[in-house]
Amino acid sequence: MEAHVRKTQNDIVHAIEELEGPSGGRFKRDSWIRKEGGEGLTCVLQDGKVFQKAGVAVSVIHSIAPDGMLTQMRAKKNPNLGKGPFKMFVGGISLVMHPHNPNAPTVHMNYRYFELYPVDGSSKKPVLWWFGGGSDLTPSYLFEEDAEHFHKTIKDVCDKHDPEYYPKFKKWCDGYFNNTHRGDERRGIGGIFFDDLDDREPEKLFEFVKDASQAFLKQYIPIMEKRKDMPFTEEMTRWQQIRRGRYVEFNLVHDRGTKFGLATPSARIESIFLSLPLTARWEYMHAPLPGSEEFKLLEVLRKPRDWA
């Protein structure tokens, strides 16, 4: 998993810099070491030609699992999990990209592997393990062909491994990325999301995760090539900033990844908040006009549709 996420990060960073063009933005590479065990590489591009902010982060953690985390795992995964102590391994890649152009969608992708094993070495096999992740699209303006392309690309990957994956993970995504405090308003138009996936041999699940993460550029780059240079107005940018405010709300109020990161000893705050845009907007009681393009997006966010 570690070798795979590092290669995937490098491929994505290269592709985004190509999209930025010869005089566009470039990623700053921030390599870090965690004193409790582990390391990572956070790549960040800010104020580019195409992207206001883009971040692609890899982390590989080896450390003692915190007591609070073990308590959650007993409640969630295995009530018979022993007292420990346990070591944990976490390897994953996470990215978020916020374009300048309101016609171009924000995107999120994350794939990770987690395992827990005894400190004393009494078992070479992990006592708990699972994969998680997914990819989802968050437009400010809805282009149905983009939604169909994004979903069909990942559906093809899912169908290769299990025909039940896409409908299951698409529904999971629509349910998870939901600002329930806004009256069931989804963060975006979805994609796939899964967590605690351990229903078959880890080698088979790893192949699925590899294929899904490698499909990201096929999902996103064609959309960006069509939308990044489209004309837009100040009013469209204002709406984009309001939608980014909703993005911030979800990530700070509901997102499990944020909560997991903050619960990890010596949490690296800059990496945890990498997903947040440089700017966002909140307006009191803002509501788009019925029939407007902004209103059409809200209708889809409140009642998710099937795109593939």
Side-chain angles (χ1 to χ4, degrees), residues 12 16 42 44-48 50-57 93-110 133-143 146-147 150-151 170 172-193 216 219-220 223-224 227-228 232 235-262 269-288 293-304:
I12 292 171
I16 295 303
T42 302
V44 184
L45 183 156
Q46 296 183 148
D47 291 319
V50 176
F51 292 95
Q52 182 200 63
K53 184 180 179 183
V56 190
I93 180 171
S94 179
L95 68 81
V96 175
M97 299 183 181
H98 298 288
H100 284 295
N101 195 315
N103 294 292
T106 287
V107 71
H108 161 255
M109 186 267 275
N110 171 278
S135 58
D136 59 282
L137 200 66
T138 303
S140 298
Y141 288 89
L142 179 64
F143 293 90
D146 295 351
F150 189 86
H151 277 262
K170 194 268 185 189
W172 202 341
C173 186
D174 290 336
Y176 177 73
F177 292 105
N178 186 4
N179 273 327
T180 52
H181 64 281
R182 290 283 184 180
D184 285 338
E185 179 185 294
R186 275 73 187 173
R187 188 176 76 176
I189 59 168
I192 64 167
F193 173 83
F216 169 76
Q219 286 181 278
Y220 190 57
I223 295 173
M224 286 302 302
R227 308 301 172 200
K228 66 184 179 68
F232 61 91
E235 190 63 25
M236 292 173 70
T237 298
R238 177 172 165 243
W239 171 248
Q240 176 199 55
Q241 294 300 295
I242 290 171
R243 295 313 311 165
R244 289 200 174 154
R246 299 293 200 270
Y247 201 95
V248 171
E249 288 178 25
F250 177 84
N251 284 25
L252 296 184
V253 176
H254 301 293
D255 187 60
R256 293 178 196 164
T258 302
K259 294 177 181 178
F260 180 88
L262 293 174
I269 301 301
E270 292 295 331
S271 294
I272 294 170
F273 291 154
L274 180 67
S275 64
L276 302 182
L278 292 185
T279 58
R281 185 180 182 94
W282 284 264
E283 292 188 14
Y284 184 73
M285 297 294 287
H286 181 274
E293 292 301 314
E294 294 82 3
F295 188 83
K296 290 177 184 178
L297 174 71
L298 273 185
E299 287 185 311
V300 171
L301 299 183
R302 290 167 178 163
K303 293 183 179 179

>> Between N179 and R182 (side chain of the first, backbone of the second, donor and acceptor by atom type, cut-off under 3.5 Å), is there such a pair?
In response: no
> So, N101 side chain and R227 main chain: donor-acceptor pair closer than 3.5 Å or not?
Replying inline: yes
> Quick one: which of E294, E185, E283 gives a salt bridge (charged side-chain N to carboxylate O under 4.0 Å, His left out) with R243?
Replying inline: E185
>> Looking at R238 and E235, is any side-chain nitrogen of the basic one under 4.0 Å from a carboxylate oxygen of the acidic one?
In response: yes
> Hey, is K170 close enough to D174 for a salt bridge, meaning N to O under 4.0 Å?
Replying inline: yes
>> Taking side chain to side chain donor-acceptor pair (under 3.5 Å) as the definition, give me every residue that meets it alongside T180, ordered by chain and number, with sequence neighbours left out.
In response: none
> If you measure from CZ on F143 to CG on L137, what distance do you get to the nearest 0.5 Å?
Replying inline: 11.5 Å
> In Å and rounded to the nearest 0.5 Å, what is the CG to NE2 distance from L95 to H108?
Replying inline: 7.0 Å
> Judged by modelled atom types alone, do E270 and T42 share a side-chain donor-acceptor pair under 3.5 Å?
Replying inline: no
> Does the side chain of R186 come within less than 4.5 Å of D136's, by heavy atoms?
Replying inline: no
> Is there a side-chain contact between P105 and I223, using heavy atoms and a 4.5 Å cut-off?
Replying inline: yes
> Of N251, T106, N178, which is the lone residue that meets side chain to side chain donor-acceptor pair (under 3.5 Å) with R187?
Replying inline: N251
>> If the test is side chain to side chain donor-acceptor pair (under 3.5 Å), which one of Q52, Q240, R244, K53 qualifies with T279?
In response: Q52
> Ring centroid separation for Y247 and H98, is it under 6.0 angstrom?
Replying inline: yes
> Using the ring of each side chain (for Trp, its six-membered ring), is F250 parallel, tilted or perpendicular to F177, with breaks at 30° and 60°?
Replying inline: tilted
> Just one of H100, M224, K228 clears the side chain to side chain contact (heavy atoms under 4.5 Å, CB included) bar with F51, so which one?
Replying inline: M224
